[in-house]
Chemist: 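Have a look at the structure that comes next, please.
So that the names make sense, note that chain A is the first sequence line, chain B the second, and so on, each numbered from 1. On a predicted model such as this, the values are computed, not experimentally measured, just so you know.
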2 protein chains.
Amino acid sequence: MLNNDVYKALSDENRRKILDLLYEKDLTAGEIADQFTMSKAGISQHLTILKQAELVYANKQGQYVMYSLNTTVFQEVVRWLMKFNKEG
Amino acid sequence: MLNNDVYKALSDENRRKILDLLYEKDLTAGEIADQFTMSKAGISQHLTILKQAELVYANKQGQYVMYSLNTTVFQEVVRWLMKFNKEG
DNA sequence: TTTATATTTAAGTAATTACTTAAATACTTA
DNA sequence: TAAGTATTTAAGTAATTACTTAAATATAAA
């Protein structure tokens with residue numbers, strides 16, 4: 001995991017929205033795409049970036065790919081940001 | 001403050017390094033630039049992006065501009081990230 | 001007031017990013 | 001096996017980003 005990949009992944013509004021959706025529940029690529037006006041291919045590319053940053057897991061289930069959050073990487077970002085935060 | 005500006009600002013490695021430097025102590029634009037191989041103009045542009053995201057303050061002191069952290073905005077980012085964090 | 005120093009702004013450019021559509025791949029079901 | 005559905009990959013493009021150098025602005029000091 002490259003630290004830079006995580007911040008780059010988080011820098012896109014659509015990708016942050018994907019994370020918000022996955023926070024509610026696990027979703028297939030198609031279910032995620034349904035929440036956007038963008039093409040499925042575009043969403044697939046965003047999912048690849050999130051996967052590479054290790055912010056999400058992808059599990060093939062038959063012809064579907066189920067996406068879920070990988071919460072472990074968020075910690076590192078929070079840890080770095082927390083040091084700037086008055087409230088610790 | 002636009003939320004998106006903050007994530008965009010944090011997505012660049014050089015800008016994160018600037019924040020790390022300012023965490024140690026307040027610095028003038030020139031002192032910051034001295035820590036990089038990049039041109040002073042390039043650093044000035046990065047500082048503008050950090051200012052716009054309200055991650056730093058800029059205070060003119062004579063011919064110098066003293067930069068310092070604005071810690072308040074970090075909180076919002078931490079708050080969003082924390083929800084994804086098991087330990088949050 | 002001239003000269004030097006600090007910083008920003010402007011203009012241009014190369015690289016990267018976020019998309020698109022079309023084609024390919026993988027699986028399911030008739 | 002053929003056809004349908006889900007997803008990814010490829011190829012192309014427009015917009016954005018991160019830089020550069022040169023010029024402009026502001027202050028300080030000779």
Chemist: What heavy-atom pair brings A/Leu50 and A/Ala9 nearest, and what distance separates the two atoms?
Modeler: CD2-CB, 4.2 Å
Chemist: Between A/Val65 and A/Lys8, which residue's closest nucleotide on DNA chain D lies nearer the 5′ terminus?
Modeler: A/Val65
Chemist: Out of D/dT9, C/dT20, C/dT7, which nucleotide sits closest to the side chain of B/Lys40?
Modeler: C/dT7
Chemist: I need the CG-C1' distance between B/Asn14 and D/dA18, as an integer number of Å.
Modeler: 9 Å
Chemist: Nearest heavy atom decides the nucleotide; on that basis, is A/Thr28 or B/His46 closer to the 5' end of DNA chain D?
Modeler: A/Thr28
Chemist: Tell me: CE of B/Met66 to C1' of D/dT27, nearest whole Å?
Modeler: 15 Å
Chemist: From C-beta outward on B/Gln63, which listed nucleotide comes closest to its side chain: C/dT5, C/dC27, D/dT21?
Modeler: C/dT5
Chemist: With under 30° as parallel and over 60° as perpendicular, where do the rings of A/Phe84 and B/Tyr23 fit, or are they tilted in between?
Modeler: perpendicular
Chemist: Atom CD1 of B/Ile43 to atom P of D/dT21: distance rounded to whole Å?
Modeler: 14 Å
Chemist: Would you say A/Ser39 places a side-chain N or O within less than 4.0 Å of OP1 or OP2 belonging to C/dT20?
Modeler: yes
Chemist: Scan A/Gly42 against the nucleic acid and name what it touches under 4.0 Å (heavy atoms): base, sugar-phosphate only, or nothing.
Modeler: base
Chemist: Can you measure B/Asn59 atom CG to D/dT27 atom P for me and round it to whole angstrom units?
Modeler: 14 Å
Chemist: Can you identify which nucleotide, out of C/dA18, D/dA26, C/dT28, has its nearest atom closest to the B/Lys60 side chain?
Modeler: D/dA26
Chemist: Between B/Tyr64 (OH) and C/dT8 (P), how many Å, whole number?
Modeler: 14 Å
Chemist: Rounded to the nearest 0.5 Å, what's the gap from NZ on B/Lys40 to CG on B/Leu47? Could you check?
Modeler: 11.5 Å
Chemist: Looking at B/Phe36, does the NZ or CZ of B/Lys17 lie under 6.0 angstrom from its six-membered ring centre and within 45 degrees of the ring axis?
Modeler: yes
Chemist: Which nucleotide sits closest to the side chain of A/Ala41: D/dT9, D/dA26, C/dT8?
Modeler: D/dT9
Chemist: In Å, rounded to the nearest 0.5 Å, how long is the span from CG of A/Asn14 to CD1 of A/Ile43?
Modeler: 6.0 Å
Chemist: Looking only at side-chain atoms of A/Gln45, point me to the closest of D/dA18, D/dA10, C/dT9.
Modeler: D/dA10
Chemist: To the nearest Å, how far apart are A/Gln52 CD and C/dT16 C1'?
Modeler: 14 Å
Chemist: Indicate, with a heavy-atom threshold strictly under 4.0 Å, whether A/Ala33 touches base, sugar-phosphate, or nothing.
Modeler: nothing
Chemist: Please evaluate residues B/Thr71 and A/Asn85 with respect to the criterion side-chain contact (heavy atoms from CB on, under 4.5 Å), reporting the C-alpha separation (whole Å), side-chain torsions for both, the decisive distance (0.1 Å), and the verdict.
Modeler: CA-CA 5 Å; B/Thr71 60; A/Asn85 192 333; 5.9 Å; no
Chemist: Mind checking if B/Phe36 touches a base, just sugar-phosphate, or nothing, with heavy atoms under 4.0 Å?
Modeler: nothing
Chemist: Picking from C/dA6, C/dA10, D/dT7, which would you name as closest to the side chain of A/Ala29?
Modeler: D/dT7
Chemist: What's the closest nucleotide to the side chain of A/Ile49 if the choices are D/dT27, D/dT8, C/dA18?
Modeler: C/dA18
Chemist: Roughly how many Å is it from CG in B/Leu47 to P in D/dC19, rounded to a whole number?
Modeler: 12 Å
Chemist: Within this structure, what is the CD-to-C1' distance between B/Gln61 and D/dA28, rounded to whole angstrom?
Modeler: 15 Å
